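Since the structure comes first, as structure tokens, the remarks are kept for the end.
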Amino acid sequence: MTSIRREWLMITLIITGVGWIVISRPPDNHAVTVSPRVGFMAPAIVLPQLDGELVSLESFKGQVVIVNFWASWCAPCRAEMPTLERLYQFEQTRGLTVLAVNSTLQDDQANVARMQRDLGLSFPILLDYEGTVGHRYSVCMLPTTFIIDRQGVIRQVLFGGPLSEASLRNAVEPLLHEE
């Protein structure tokens, strides 16, 4: 084989290889992945409140959202509720909301209503009757708290409790400054 033929063969192989790489690359997919993990879009939440009104996480887009999974029989959950209420009352005007997702599958609706009344909780309390949202968020323990930014991205997951006001403020304060 002459050197000219060898060079043409190499050029042809290189062009074929580059063409193959371009053709076989994965498509540009800018779809945002939904997952209950830090850095991913938060999975959808659409659940009823005690009065039956449906509340969706999507309706709070543009706000910083604390999604807290809890049950009335869970002592750490009960202990952190006043902290969540204070933070909600103080930071609501800056764009913070709290969605308290009760694991109603493991709880009693009457106990949820009593706890809401006794603790004076004003943020939305959502009832996860079948545990579908808890499953979607891979909640394995109560309480579990997700901090979601204004774009709907999970920025932090906090396991266990009771959470201190300082730790919650540290989690949400930077997000409240973001647009």
Side-chain angles (χ1 to χ4, degrees), residues 34-60 63-150 152-176:
V34 175
S35 178
R37 295 179 290 165
V38 172
F40 290 83
M41 293 297 294
I45 297 174
V46 179
L47 289 171
Q49 297 184 90
L50 284 166
D51 63 4
E53 180 184 349
L54 288 177
V55 172
S56 73
L57 174 61
E58 179 68 24
S59 66
F60 295 100
Q63 295 187 32
V64 175
V65 181
I66 296 173
V67 176
N68 177 263
F69 288 86
W70 67 285
S72 64
W73 48 261
C74 163
C77 302
R78 192 173 191 84
E80 70 187 12
M81 285 295 175
T83 301
L84 289 168
E85 178 64 25
R86 275 194 308 277
L87 193 61
Y88 175 67
Q89 289 297 323
F90 194 75
E91 301 296 350
Q92 190 178 13
T93 57
R94 294 178 62 203
L96 176 74
T97 197
V98 174
L99 296 178
V101 178
N102 175 262
S103 182
T104 317
L105 180 70
Q106 311 168 9
D107 207 340
D108 179 58
Q109 189 172 331
N111 290 339
V112 174
R114 189 174 18 261
M115 187 168 152
Q116 181 183 32
R117 184 186 62 245
D118 291 350
L119 297 177
L121 304 176
S122 62
F123 47 75
I125 294 179
L126 311 180
L127 304 174
D128 192 8
Y129 289 108
E130 297 175 1
T132 53
V133 172
H135 180 72
R136 193 176 300 144
Y137 274 77
S138 301
V139 172
C140 297
M141 63 179 295
L142 297 175
T144 298
T145 304
F146 292 81
I147 309 295
I148 301 170
D149 70 14
R150 295 180 191 274
V153 175
I154 296 171
R155 299 288 290 269
Q156 198 167 355
V157 182
L158 305 166
F159 301 100
L163 297 172
S164 70
E165 189 166 337
S167 64
L168 282 168
R169 283 193 176 283
N170 282 338
V172 300
E173 189 62 34
L175 303 180
L176 290 171

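Everything numeric here is computed off the predicted structure, so don't read it as measured data. One-based numbering along the sequence shown.
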Heavy-atom check, side chain of [X] versus side chain of [Y], under 4.5 Å:
X      : Y      : value
Asp149 : Pro174 : no
Leu127 : Leu47  : no
Phe69  : Thr145 : no
Leu142 : Ser103 : yes
Thr144 : Tyr137 : no
Cys140 : Phe159 : no
Ile45  : Arg136 : no
Leu175 : Arg155 : yes

Identify the heavy atoms of [X] and [Y] that sit nearest to each other, and give their distance.
X      : Y      : result
Ser56  : Val46  : CB-CG2, 3.7 Å
Phe146 : Pro36  : CE2-O, 3.6 Å
Leu158 : Gln156 : CD2-NE2, 3.5 Å
Ala100 : Met81  : CB-CE, 4.3 Å

To the nearest 0.5 Å, how far apart are [atom1] in [X] and [atom2] in [Y]?
X      : Y      : atom1 : atom2 : result
Asp118 : Arg78  : CG    : CZ    : 6.5 Å
Leu163 : Leu168 : CG    : CG    : 5.0 Å
Leu105 : His135 : CG    : NE2   : 12.0 Å
Asp108 : Arg114 : CG    : CZ    : 7.5 Å
Glu80  : Ser167 : CD    : OG    : 8.5 Å

**Report entry** More than 12 heavy atoms of other groups within 6.0 Å of Phe90 CZ
**Finding:**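 Open.
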Query raised in the report: Counting only heavy atoms not in Glu165, do more than 12 fall under 6.0 Å of its CD?
Result: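 Yes, the 6.0 Å shell around CD holds more than 12 heavy atoms from other groups.
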Requested in this report: Output yes when a side-chain donor or acceptor of Asn111 lies under 3.5 Å from a complementary backbone atom of Met115, and no otherwise.
Outcome: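 The answer is no, because no donor-acceptor pair under 3.5 Å joins these two groups.
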Report task. May I ask you to decide if Val101's main-chain N or O and Asp128's side chain share a donor-acceptor pair within less than 3.5 Å? Result ->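 Absent.
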Report task. For the pair Thr104 and Gln109, evaluate side-chain hydrogen bond (donor to acceptor under 3.5 Å, both in side chains) and give the outcome as yes or no after the intermediate values. Result -> CA-CA 7 Å; Thr104 317; Gln109 189 172 331; over 6 Å; no
